[in-house]
Amino acid sequence: MKGAYHRLTLKLSGERLAGEGGFGINPAAIADVAKEVNAVHEMGVQVAIVIGGGNIIRGVAASAAGMDRASADYMGMIATIMNALALQDSLEKTGLDTRVLSALEIKEVAEPYVRRRAVRHLEKGRIVIFAGGIGTPYVTTDTAAALRSAEIGSEVLLKGTGVTGVYDDDPRENAAAVRYDKVGYDEVLHKNLRFMDQAAIALCRENHLPIVVFDMNVPGNIRRVAAGESIGTLVSD
Ligand code: UDP
């Protein structure tokens, strides 16, 4: 099977790597993701991954529980680096060549993020894992995914979620919620449809970067989306 894209960014939330109760790192879950990423690579697609940290800590939740927001956010960024190393290990076990590029400097375990270097790695067929978000608090890895996609010239941002796409209401609370096959950025922002941070969506709109929102918990879906199958919701102009 051939890929529908030359270069794509996959936003993987920490939840996808989690063990029991959505917490921690589950080697079996990561191995599944790694296999799918390998299949996408085999399709001739350059793959960059922005990894989340919500399976370990989310700044907003920790600050709601009384912690200083910026400190909690830095912990969240460090969590993404842990996830990135776990994912790197799993990807390499499938035979892929990988690099972790971190927005927070942590030289012993990851390269610092340098845009040109990221592009070079991709051109050489390496899987690039972006860790540490964008390196500043008060945003999430969704914003990092939108920003890095624009910087490295990805044709699409694949946003894996826990539901099958973008709905007109939360499908977990409203059984009558309807899923969009396609929806525009403006409608998403106007109706405040929540599948990603508004800041991230606005960045995608500004850069005409299409987003495919799909259920990342269904095995094979990452491969299907990369092959151009219309599953989930396409968000575009
Ligand atoms: N974070 C941050 N700056 C960034 C990226 C992430 O402060 O550029 C922090 C923020 O606290 C966030 C946490 O890291 O909640 C984990 O990332 P995220 O919530 O995006 O993970 P996901 O939900 O995708 O697993």
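Any value given below was found using the heavy atoms of this structure, including those in side chains, with hydrogens, waters and symmetry copies removed. Numbering of ligands and ligand atoms starts at 1, following listing order.
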Basic-acidic side-chain contact under 4.0 Å: D142, K11: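 Salt bridge flag = yes for K11 with D142.
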Ion pair check, E155 and R7, cut-off under 4.0 Å: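 Salt bridge: no.
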Protein residues having a heavy atom less than 4.0 Å from any atom of ligand 1: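 Correct list: K11, S13, G14, G52, G53, G54, I57, R58, G59, D73, G76, M77, G133, I134, G135, T136, P137, V139, T140, T141.
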Summary of side-chain hydrogen bond (donor to acceptor under 3.5 Å, both in side chains) pairs that have at least one residue in residues 70-83, sequence neighbours excluded: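 Applying side-chain hydrogen bond (donor to acceptor under 3.5 Å, both in side chains) to every pair that reaches into residues 70-83, excluding sequence neighbours, yields N55-N83, D68-S71, R69-D73.
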With sequence neighbours excluded, residues passing salt bridge (charged side-chain N to carboxylate O under 4.0 Å, His left out) with R148: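 Partners of R148 under the salt bridge (charged side-chain N to carboxylate O under 4.0 Å, His left out) test: E151.
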Residue list, side chain to side chain contact (heavy atoms under 4.5 Å, CB included) with S149, at least two apart or on another chain: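 S149 satisfies side chain to side chain contact (heavy atoms under 4.5 Å, CB included) with T9, S154, L157, L209 once adjacent residues are dropped.
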Ring centre gap for Y180 and Y167 strictly below 6.0 Å: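 Not close enough - the centres of the two rings lie 6.0 Å or further apart.
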